[in-house]
Amino acid sequence: MFCRNFRNFQNVQPCLVSRSSNGAKPKAVTSVNCFHNRSNPSTSLPVRQTTLHRHTPPAVRGIANSAFRYQESESSVSPSSAASSVSRVTASPVGFAKNLCLGKFNKDDAFPFPEITMEQFDHLNQMCDPIEKYFNEEVDSTAIDVNAKIDEKTLQGLKDLGLFGQQVPEDYGGLGLSNTEFARLAEITAQDGAIAVTLAAHQSIGFKGLLIAGTEEQKAKYLPKLATGELVAAFCLTEPSSGSDAASIRTKATLSPDGKHYLLNGGKIWISNGGIADVFTVFARTEVVDEQGETKDKITAFFVERNFGGITNGKPEDKLGIRGSNTCEVYFDNTPVPLENIIGEVGGGFKMAMNILNSGRFSMGSSGAGMLKKLIGMTTEHASQRKQFDTKLKEFGMIQEKVGRMTMSAYAMESMAYLTAGLLDRPGTPDCSVEAAMVKIFSSEGGWVCVSEALQILGGLGYMKDYPYERYLRDSRILLIFEGTNEILRLYVALTCLQHAGKELGAMVKKLQNPVANPGFAFKMLTGRFLGRLGLKSSGNVKLQHNDGGVHPSLETSGKQLAQCVTSFQQVVEGILSKYKKDVVKEQLILKRVADILIDLYGMTAVLSRASRAKTVGLRNCDHDVLIATTFVNEAEKRIAQNIYDIGLAPSLNNDASIMRIAEEVFDNHGYKASHPLTKEF
Ligand SMILES: Cc1cc2nc3c(=O)[nH]c(=O)nc-3n(C[C@H](O)[C@H](O)[C@H](O)COP(=O)(O)OP(=O)(O)OC[C@H]3O[C@@H](n4cnc5c(N)ncnc54)[C@H](O)[C@@H]3O)c2cc1C
């Protein structure tokens with residue numbers, strides 16, 4: 001996948017920036033004081049209005065007053081949010097993160113923080129109440145975990161609440177939720193990891209292809225039954241020899257001699273809902289004749305009913321966590337699939353698979369935050385009661401640090417998730433797959449670390465099955481692996497953005513390579529960078545002060561820190577493209593740092609935007625928001641400085657070369673190589 005993304009690097013020419021490789025200590029990316037003066041800062045940021053197209057689940061319907069029905073949007077909506085919360089601001093043609101690589105901070109994307117109306121807010125809460133009640137009172141997560149199964153009654157309850165058709169348009173009997181509303185509900189459903197995965201496998205990936213590219217007939221035939229849960233869906237991509245490298249699948253679909261259907265043959269592994277699904281989105285290789293008349297082997301997506309025949313599944317896998325979710329092998333033996341069940345175009349299946357996966361990842365931020373907020377409540381309660389050394393745990397600095405960091409992580413996850421959801425809900429064709437991937441990486445890793453810290457606050461109790469911490473720990477581990485492993489997603493984030501920068505910078509580089517023809521341009525560029533390296537250059541064109549439509553005045557210093565980081569990052573990007581050109585694809589440790597910088601920049605943006613809104617509209621705890629946001633920005637700035645510093649060093653100085661060498665020697669030795677510490681030399 002990532003190799004395909006890198007085709008355009010061949011066009012990237014050397015640029016005139018060279019990286020220094022000295023061994024100097026990294027400095028925090030400094031904020032500078034040459035920003036425009038703020039005059040007459042207004043206390044109110046413009047509020048972006050959104051309109052929600054609404055429908056309520058059966059169990060909720062009675063509660064919602066018809067006065068809460070939202071007006072239908074006049075604008076077209078993205079396929080992933082069929083009937084969605086949309087803002088008046090149309091989607092930017094170029095994604096926010098891609099622009100960051102060019103030192104461009106598209107304020108319209110991030111400020112003000114996406115907003116819903118009071119009516120919409122009330123309505124959402126009314127919808128959440130019964131779902132929250134159901135999870136608190138009816139869902140027995142311990143039993144689901146122990147029995148490794150979600151019982152029928154619980155499943156039916158979820159269906160009755162409308163949770164199997166959250167993003168199915170109302171016209172097809174679903175809730176027609178926007179991405180923002182979907183994210184909100186994910187906070188609740190994440191209270192049980194197995195349920196969250198079952199629901200996600202069904203609608204975020206299982207039948208998402210129909211929402212994105214289904215024909216009218218396909219939608220009319222399947223969506224109503226999928227929305228009620230009468231039909232359960234699964235997504236079948238992974239095979240024994242094809243995991244991260246999804247393009248290498250071997251399952252085949254061969255056109256029948258009469259040309260009326262395909263015959264599907266092959267086996268898929270680790271399919272969530274694989275044993276309980278009635279319908280499957282299946283990816284298989286098909287022969288496609290291209291425009292030149294050549295036959296090519298390309299992937300096509302099929303919507304396959306179990307009723308078509310020839311489908312069997314293995315027994316449920318015995319897993320570390322999310323044990324109640326059903327994970328099975330699924331086999332197709334001459335399964336006949338009618339042509340009308342092709343999703344999208346013949347040969348367009350790989351792109352479809354990526355689109356499906358890209359469209360759902362953002363909600364991992366709100367679900368992760370939902371889980372963490374619950375744990376924060378439980379751990380603070382415990383630390384406020386439990387005494388050791390005659391002192392409450394909450395008085396100890398190291399316990400306070402854990403709670404502070406967990407809170408900061410949850411806040412950043414939420415902010416990134418809802419910012420991304422807001423971007424996705426804009427009319428037009430939002431380019432947010434990188435942002436969604438960043439939310440997934442940040443939230444899955446933050447979730448894993450924080451659940452472990454929460455368990456630590458409980459001490460031995462946290463390790464006991466009588467408490468839910470160990471289950472949350474086991475459940476949260478999968479988040480780093482599925483829906484794209486975090487390694488692959490880091491490559492995706494970094495390479496997609498670098499590729500974009502490479503294309504854009506290509507034109508600029510050409511001008512720089514011909515300073516005689518473009519003397520003014522070359523001089524301007526060089527002067528800018530020279531000053532930048534001396535630390536004299538300000539945060540370039542990135543202006544995030546309040547009077548520029550950026551942060552609230554109380555966050556001005558943080559806004560400057562972010563602006564400076566964006567400018568520094570742009571210079572790093574130029575340096576990387578100049579040094580590695582298309583070979584950067586092989587530099588995984590550089591790419592990892594680029595991705596991590598982008599994640600931090602996006603996190604900083606999201607928390608600053610959210611806290612600015614909190615301050616502007618005067619939310620009750622807005623000073624707490626500001627405290628969290630400024631602290632997060634300080635921490636992120638330090639991480640960015642370290643990453644920039646390491647990128648700038650030669651591999652021999654930043655330890656990359658030594659670490660790779662250790663690994664190489666261990667691989668050569670087929671395992672741990674150092675002698676046992678007690679070994680004697682004979
Ligand atoms: C509980 C569970 C549920 C699942 N549900 C589904 C489902 O519903 N449908 C479905 O189709 N699949 C599903 N999967 C499969 C899941 O998507 C894959 O496990 C995942 O894509 C990774 O593939 P893999 O396990 O084969 O790991 P591999 O691809 O073998 O990767 C192993 C490790 O190597 C790393 N790696 C691989 N390539 C690179 C690279 N180029 N550079 C650096 N590192 C690399 C990976 O990041 C990973 O850490 C599920 C898996 C699990 C465990």
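First listed ligand is number 1; within each ligand, the first listed atom is number 1. Along the sequence shown, residues are numbered consecutively beginning with 1. Scope of the values below: all heavy atoms of this structure, side chains included, with no hydrogens, waters or symmetry mates.
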Contact partition for T485 relative to ligand 1, non-hydrogen atoms under 4.0 Å: side chain
Heteroatom proximity flag, T327 to ligand 1, N/O under 3.5 Å: no
For residues 652-659, which side-chain donor-acceptor pairs fall under 3.5 Å, sequence neighbours excluded?
residue : atom : partner : partner atom : Å
N654    : OD1  : D656    : N            : 2.9
N654    : ND2  : D646    : O            : 2.8
N654    : ND2  : D656    : OD2          : 3.3
D656    : OD1  : R593    : NH2          : 2.7
D656    : OD2  : R593    : NH1          : 2.8
D656    : OD2  : R593    : NH2          : 3.4

N/O separation below 3.5 Å, E483 to ligand 1: no
Pair Y262, T335: side-chain N/O donor-acceptor within cut-off below 3.5 Å: no
F283 and F235 aromatic centres sub-6.0 Å: yes
S272 N/O to ligand 1 N/O under 3.5 Å: yes
Over 12 foreign heavy atoms within 6.0 Å of CD, E287: no
For L237, the ligand 1 atoms whose distance to one of its heavy atoms is below 4.0 Å: 11 (O)
F207 and Y222 aromatic centres sub-6.0 Å: no
Min N/O separation I271 to ligand 1 under 3.5 Å: no
Residue pairs fulfilling salt bridge (Lys or Arg N to Asp or Glu O under 4.0 Å) with at least one residue in residues 266-275, sequence neighbours excluded: E239-K268
Region of Q588 that comes within reach of ligand 1 [heavy atoms, distance under 4.0 Å]: side chain
L480, N486, I249, I488: member with heavy atom nearest to atom 40 (C) of ligand 1: I488
N or O pair under 3.5 Å between F482 and ligand 1: no
Pair T496-K98, side-chain donor/acceptor within less than 3.5 Å: no
Region of I478 that comes within reach of ligand 1 [heavy atoms, distance under 4.0 Å]: side chain
4.0 Å heavy-atom contact, L491 with ligand 1: yes
Option whose closest heavy atom lies nearest to atom 27 (O) of ligand 1, chosen from S244, P240, G206: S244
Neighbour count >12 (heavy atoms, 6.0 Å) for atom CD, E340: yes
Residue pair E665 / N669, side-chain donor-acceptor N/O under 3.5 Å: no
Under 3.5 Å: N/O of E487 near N/O of ligand 1: yes
